[in-house]
Number of protein chains: 4
Amino acid sequence: MYLRIEKGSAVPISRQIADQVATLCASGSIKPGDRLPSVRELARELAVNQNTVLRVYERLCGEGLLEMRHGQGTFVTGRMSKARMAAHRTRLVDELRQIVRQATGLGLSPEELHELLGEAMNGEVTAARAAD
Amino acid sequence: MYLRIEKGSAVPISRQIADQVATLCASGSIKPGDRLPSVRELARELAVNQNTVLRVYERLCGEGLLEMRHGQGTFVTGRMSKARMAAHRTRLVDELRQIVRQATGLGLSPEELHELLGEAMNGEVTAARAAD
Amino acid sequence: MYLRIEKGSAVPISRQIADQVATLCASGSIKPGDRLPSVRELARELAVNQNTVLRVYERLCGEGLLEMRHGQGTFVTGRMSKARMAAHRTRLVDELRQIVRQATGLGLSPEELHELLGEAMNGEVTAARAAD
Amino acid sequence: MYLRIEKGSAVPISRQIADQVATLCASGSIKPGDRLPSVRELARELAVNQNTVLRVYERLCGEGLLEMRHGQGTFVTGRMSKARMAAHRTRLVDELRQIVRQATGLGLSPEELHELLGEAMNGEVTAARAAD
DNA sequence: GTGGTCTAGACCACT
DNA sequence: GTGGTCTAGACCACG
């Protein structure tokens, strides 16, 4: 499972992790029954406190997406509901809008933004490949 | 001065305000000597608590971007340093990357993303016109 | 860390706290790397609102004197600059002058003032000892 | 009437003015029946907003120390009560203590403080003479 | 436990 | 009208 968090971001770390795990579930990259990395494993990998990871897992359990089995690990149990996915998507669009607003304010031209977008997508692909 | 904040966002309100004011300074939309809306005024306009706006202004004063004059108002004093602008820009790119990563995970195609980007920019243009 | 604030004073509480912390940094009583009492702790100790202490710490962070580490505490990072110390000192002298002016106006003789000064310093010594 | 205010002080301007006027009354430098400078006159002299002076005069009227006669000016009506003088004096001592505490923290020796005190008093005398 | 954000509201000080 | 201080309390995020 490949996650990437930006520590200095305005978006809280726990939120970044939760969103990305949820996205992986939604996209089918991880499926019901799959085992997630252990709390301490993920914490180490992301260089984040274990409690932070733990709380993300707990939250996602509360939402029915994951299940923590004592002594065995944490597993995917469900897919994201359509409603949740739609909400997630709406939020992303809002955030995109915010960023674009500021980027244009800082003088980035539409072309540059589209380029960046392309890079970001390629970077994503590359990263995904690297994780294979 | 046109600001737009998303109240439900993971990004704290105060951060959104601060970033946008900083961006307006950087872009030259507001220039040294210009008077910002008063704390109360902006708070009312954004439907946010006065203290929230006050703390944003104070923080930006601490960074040398604004100056608060007792009984007179809050004024722009400096432009953003190049270093700060670069940092700001880097952060935006990082966040863009994050969003793109999640958006592609949620099944948005590159075409859809470029479309969204276009919309976001048009929205921006419209908003700017509305502020005229 | 020993602080003493006068609640009824014309000098705002937050200013008193900030000045005293800055002085402790300047005098070397607290050194870079040292951990300050937590916001809540100091607030309780001084019988002051947490937000008041928080804002003081934030301000001093903005000046580069302190650093707040999420979940860990607040730490001293720098010494006061010479310029800041000089300014601080000048201000103290000015305020001393103001007080003396009024004291003499109220009929305190020079001798009485020198006595008071002695007492104040002894009180200080005692307090310092009490803090050991 | 000679007043001296420090604009950068932590003590509010209005408080400085009020205290000094009160002190002048207490010391007998200005006596019942004496006319104070007009609001605008004093405001100009101190380079302060007229409203600030006005509110000081009003406050001192409320305390029975002054009386504002429409179209004629502001006059001293009473002396300060003993209780008020005692309170004033206590406060001064407290503030002295605060300043001494910080001054010693900044490395001023007792000798230096006594010297400063001497200077402050001489400065005061000189100033008073200059005002003659 | 730590810091951080936000609200609501009172009261003060300066123009 | 403006900014500035302080309080009380809720809730979030990080270690």
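So that the names make sense, note that chain A is the first sequence line, chain B the second, and so on, each numbered from 1. Fair warning: this is a prediction, and the values are worked out from it, not measured in the lab.
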Under 4.0 angstrom between B/Ser38 side-chain N/O and F/dG1 OP1 or OP2: no
Can you check the [X] [atom1] to [N] [atom2] distance for me, whole Å?
{"X": "D/Asp19", "N": "E/dA13", "atom1": "CG", "atom2": "C1'", "result": "15 Å"}
{"X": "D/Ile5", "N": "E/dC14", "atom1": "CD1", "atom2": "P", "result": "9 Å"}
{"X": "B/Arg69", "N": "F/dG4", "atom1": "CZ", "atom2": "C1'", "result": "17 Å"}
{"X": "C/Glu58", "N": "E/dG4", "atom1": "CD", "atom2": "P", "result": "6 Å"}
{"X": "B/Glu67", "N": "F/dG4", "atom1": "CD", "atom2": "P", "result": "11 Å"}
{"X": "B/Leu36", "N": "F/dG3", "atom1": "CG", "atom2": "P", "result": "10 Å"}
{"X": "C/Tyr57", "N": "E/dG3", "atom1": "OH", "atom2": "P", "result": "7 Å"}
{"X": "B/Phe75", "N": "E/dT15", "atom1": "CZ", "atom2": "P", "result": "12 Å"}

Nucleotide by nucleotide, 5' to 3', does protein get under 4.0 Å of the base (B), only the sugar-phosphate (S), or neither (-) in nucleotides 7-15 of chain F, counting heavy atoms? BBB---BBB
Test side chain to side chain contact (heavy atoms under 4.5 Å, CB included) applied to A/Thr74 - qualifying residues, sequence neighbours left out: A/Leu36, A/Tyr57, A/Leu66, A/Met68
Checking [X] now: which residues fulfil side-chain hydrogen bond (donor to acceptor under 3.5 Å, both in side chains) with it, not counting sequence neighbours?
{"X": "B/Gln50", "answer": "none"}
{"X": "C/Ser29", "answer": "C/Ser27"}
{"X": "B/Gln102", "answer": "A/His88"}

Pairs in or reaching into [range]: which pass salt bridge (Lys or Arg N to Asp or Glu O under 4.0 Å), with residues at least two apart or in two chains?
{"range": "residues 31-43 of chain B", "value": "none"}
{"range": "residues 8-22 of chain C", "value": "C/Arg15-C/Asp19, C/Asp19-C/Arg91"}
{"range": "residues 48-76 of chain C", "value": "C/Glu63-C/Arg84, C/Glu67-C/Arg69"}

Run the side chain to side chain contact (heavy atoms under 4.5 Å, CB included) check on B/Ser9 and A/Glu95 step by step: do they pass? CA-CA 8 Å; B/Ser9 168; A/Glu95 292 182 351; 4.1 Å; yes
Report the end-to-end axis angle of the helix from E/dG1-F/dC14 to E/dC14-F/dG1; each axis comes from five terminal pairs, and the value is rounded to 10°. 20°
CG of B/Asp94 to NZ of A/Lys7: how many Å apart, nearest 0.5 Å? 14.5 Å
